[in-house]
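Okay, so here's the structure we're looking at.
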Amino acid sequence: MQDQDIISVTTEIVGDIALVCVDNPPVNALSVHVRRGIQDAVAEINAAQSAKVIVLYAAGRTFIAGADITEFGKPPMPPALPDLLNEMEQSKIPVVCVLHGTALGGGLEVALASHARVGIKGLRIGLPEVLIGLLPGAGGTQRVPRLAGIPVALDMSLSGRQVAAKEALGMGLLDALEDGEPRDVALRAGQDALDGKIKTRRTDLIDTTPDDAALEEARKMVARKFPNLVSPQRCIEAIAASTGPISEGLKIERKAFMDCLDTPQRAGLIHAFFGERAVANIPEKKATPRDINAVGVIGGGTMGSGIATSALMSGLSVTLVEVKEDALERGIATITKNLEGGVKRGKLSADQRDQMLAQLTGATDLAALSDVDLVIEAVFEQMEIKKEIFTKLDAVCKKGAILASNTSYLDINEIAAQTSRPEDVIGLHFFSPAHIMKLLEIVVGEKTAPEVVASGFALAKRLKKIGVRAGVCDGFIGNRILGHYSKTASYLVLDGATPQQVDDALEAFGFAMGPHKVGDLAGLDIGWMTRKRKAATRSAEERYAGAVADRICENGWYGRKTGRGYYVYDEGDMHPNAEVAKIIDEERAEAGVTPRSFTDEEIVDRYMTAMISEAARVVEDGIALRPVDVDVVFLSGYGFPRFRGGPLHYADTIGAKELVRRIETYAKEDAHYWQVPEILRKMAETGKSFDDINKGG
Ligand code: 3H9
C-alpha cells in the first residue's frame, strides 16, 4: 500500500455534529495520509452539509505531535500543510479542535487554524520547530501573534518549550479546558459550539498588535545565545511580518521555512532527534529488566553525590556509603545542596525536596547495602580499590542485585572477575554534574547478562537520561575518543597557534567552550594525573602532547579552581595567562619547533579529523553499536554542537574520501598520530557513508 492510501482519518456524524478523528500512531504525526484525510473530511462535510459543526480530535496517547519529520528532505507530497490549513480556516462549517497529550508544531497549527480550541487536562502545547532547525511553517508565526500577541509567539517559538494547558488558556490559545476522554469531550464541545457556549471565530480576521520592542529584544537575545543558528532569526522575521496582511505573512513564513528545510543544520538537528531514540535499539532490548527501587551509591564525592541526587529525583531510595563519618556528612551536604539548587531553579518544590531527602540514608559500612537492588560504585579511579570494593559487594549484596561501576575508563571485565557473579556486573558511566548531564554510558562486559543491560537502559530512562551502549576499552566511547583528539589541540599550540586561537576557532564552529577553557574548568590536574598514569605505556613513537600542560600544572595552576590555568580568572574577568605564552615558547624551543601560523579553518579541520578518526575506530572495533551511538554520546555528554548532528554525521558532510586525503596529508608530519582507520578507507573506496552504516548497510 502507498503511504497516501492509508486511512488514518475517519468521520462520524452524531446529530448536527461531525466528529473527525485522526488516528496515526504513535504520535498522530501529520503524514501525507493524515493531511489528505483531514482535507477530504472537511470538504465532504461542507459539500454534503452533513453537520453544523466539525470537531477534530485524535485517538491514542496524544493529539497531533507535529508534521511527520520523516518526510522532511523527501519530495513534497500534496496537500502541503499550510494550504490545507488555509482551506480549513475558510470552512463555512466551523471547526472546533479538541486537544490532549502534546499538541506540538504542525499539530498546534492545525488547532490555530480551527475556529475554537478546547484543551483536555494534562495537555501541553508547543512550537518546538526551532529545536529541529525549523520554524513554525504552517501559520504558527502568523496565528499565535493574532490570538496571543507577539511576545507569546516569540517566547514559544524561540524556546520550543511546552506550555501547560492552564497557561495556554491564560494566553488565549485555548478557549476552554475540559476533563475526559477525547471523543466524549469532542461531543460536548460540538454541542457547546452549537449552543453558543463556545464562540467560534476565524484567526486570520484578527489583527496582530505591533510590538517592535519585543521583536528588538528577541533579535538581541538570538544574536547573543544562538549566533550559529539560522532558524531562530528567520522565525523572528516571520513573526515581525504578522502585523501585515496574513496572506503576505504566510508567504514570508513559507519562504523562511523552506530555506531552513534546506540547511545542514536542519539535517543535523533531526539526526540528533532520531539518534537519541535510535540508541535504545540494543541487542538486549527484549530482555526483561530487573526491578530497581533501592539503590546504593559508594562514594560521596562530586560524582557519587550527583548520582545519588539523580536517583533521588527519580523517586528511588538511596543508601550513600562513605568510609568515614565526616566524608559521609560532606556527601549528604552536597546532595542536599544539589536538591536545593533544583528548588531554586523551580524544578522541585520544597515538599518534593524534603520527600527525597527522607529517602536518603547514610552508612559507613558496605554491609548497609545487603538489601539494595543496584549498587553504583563511584570511588577513586584505582583498579585495586575497585577490586577490593567489588569483592566485598559480592559477599554482602543480595542475590540478583546489580553491581555497577561508574569508572570512566577502567576494565569492567577485570572488575567483574573479582566477583562470583560477573553476569551481574556492568559499567554505568555518568557525566558530571551527574544530576544534570543527560548522558549515561552503559558499559557491557563480556559476561554481563542481557537483563542487566536492559536494566541499565530502564534506569537511564527512569533517571531521564539517554543511555548509550558501550563495549569495554580504555575510556569506552567518549573518553577514548576524547583522549585521542584532545592531543590535536596541544599539537596545534606546540606548532604555532595560541590556546586562545584554538578555543576561539572551535567556539565559532559551535562548541560552547574551547578545549583549553574546558581543561581550566574541569581542572588541569585531572589530565596531568592521567598522563602520569599512562606514561609507562606510552609508545616511543608518540609525539608527547602534554609538555605545556605539565608545566602549567607544575606551577600549581590547575585552572579555575586555582585562579590560573591557560587563562587567568580575576573576579569575573578572564584573560590569557601571559606566563603560559612563555612556557609555550620554551617548549617549542626545547622541541626544536619553528612556529607557523594556522587559519581557524585549519584548526577546526585538524581537530575534527582527529575526532572522526578515533570515532571511526570505535565503530570499527564494535565499542559503539553504530555511528549514531557515537554522535549521541558527543551531543549529550561532550558539548558537541547539536546543529552539527554529532562527529560522524558531520563526517558525512565532509565525505570519507576527503577525510582520508586530510589524514594522509597530516601523516606526512606525524605518521604515528595520523593513521587512516580501515573502515574509513573502505568507505572512501565504496562511497558508503556513516549514515548507510546506521541504516544497516
Ligand atoms: C513541524 O510540525 C513543522 C510544521 O510547523 C510545519 C510543516 C509544514 N514525526 O519521542 P517518543 C516518533 S515540525 C515522525 O519516543 P514520547 C519517534 O521517533 C515537528 N515521527 O515518545 C518515536 O518513534 P520510535 C514539530 C515522530 O512519548 C515515536 O514517535 N513536532 C514524530 O517520549 C515515539 O516518540 C516535534 O518536533 C514526528 N513529528 O514523546 C515533536 N514525533 O518509537 C517531536 C515522534 O520508532 N516529538 N515521532 O522510536 C516529540 O517531541 C515527542 O516524540 C513527543 C512524544 C513529545 C511527541
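Every number for a ligand or one of its atoms is a count from 1 in the order of the listing. Along the sequence shown, residues are numbered consecutively beginning with 1. Just so you know, these numbers use all the heavy atoms, side chains as well, and skip hydrogens, waters and symmetry mates.
In E12, the CD atom is crowded: over 12 heavy atoms of neighbouring residues, nucleotides or ligands sit closer than 6.0 Å. With a 6.0 Å radius and a threshold of 12 heavy atoms from other residues, nucleotides or ligands, Q90 has its CD atom above the threshold.
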Next on the checklist: With side chain to side chain contact (heavy atoms under 4.5 Å, CB included) as the criterion, how do Y650 and F509 come out once you've worked through the C-alpha distance, each side chain's angles and the decisive distance to 0.1 Å?
Outcome noted: CA-CA 12 Å; Y650 176 67; F509 176 78; 3.5 Å; yes
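For ligand 1, the polar-atom distance check finds no N/O of R254 at less than 3.5 Å from any of the ligand's N/O atoms. Any N or O atom pair closer than 3.5 Å counts here, and G137 shares at least one such pair with ligand 1. For ligand 1, the polar-atom distance check against T70 finds no nitrogen or oxygen pair separated by under 3.5 Å. Considering backbone and side-chain N/O of A29, none are found under 3.5 Å from N/O of ligand 1. The shortest N or O to N or O distance between I69 and ligand 1 is under 3.5 Å. Taking distance alone, with nitrogen or oxygen atoms compared against 3.5 Å, Q162 stays at or beyond that limit from ligand 1.
The shell of residues lying under 4.0 angstrom from ligand 1, judged by heavy atoms, includes D68. R61 counts as a contact of ligand 1, since one of its heavy atoms falls under 4.0 Å from the ligand. For G140, the closest heavy-atom approach to ligand 1 does not fall below 4.0 Å.
By the 30° and 60° cut-offs, the orientation of the rings of F634 relative to F640 is perpendicular.
For A67, heavy-atom contacts with ligand 1 shorter than 4.0 Å involve the backbone as well as the side chain. Of all the heavy atoms of P128, the ones lying under 4.0 Å from any atom of ligand 1 belong exclusively to the side chain.
R462 contributes no side-chain N or O that, together with a main-chain N or O of A311, makes up a donor-acceptor pair within less than 3.5 Å. No donor-acceptor pair closer than 3.5 Å links the side chain of S31 to the backbone N or O of V34. Side chain of T102 to backbone of L104: no donor-acceptor contact under 3.5 angstrom is found.
Of all atoms in ligand 1, numbered sequentially from 1 with element shown, those under 4.0 Å from a heavy atom of G106 are 1 (C), 2 (O), 4 (C), 5 (O). Atoms of ligand 1 lying under 4.0 Å from at least one heavy atom of P26, given by number and element, are 28 (C), 29 (O).
Judged by the 6.0 Å and 45° rule, R469 forms no cation-pi pair with F457.
Taking atom 26 (C) of ligand 1 as the reference point, the nearest protein heavy-atom neighbour is V27 CG2, 3.9 Å. Here the heavy atom of the protein found nearest to atom 40 (C) of ligand 1 is A65 O, 3.3 Å.
A side-chain contact (heavy atoms from CB on, under 4.5 Å) with L30 is found for exactly one of I69, L81, N24, namely L81.
At a distance under 4.0 Å, a protein heavy atom can be found next to atom 10 (O) of ligand 1.
Note on R626 versus D629: salt bridge recorded, some NZ/NE/NH1/NH2 to OD/OE distance being below 4.0 Å.
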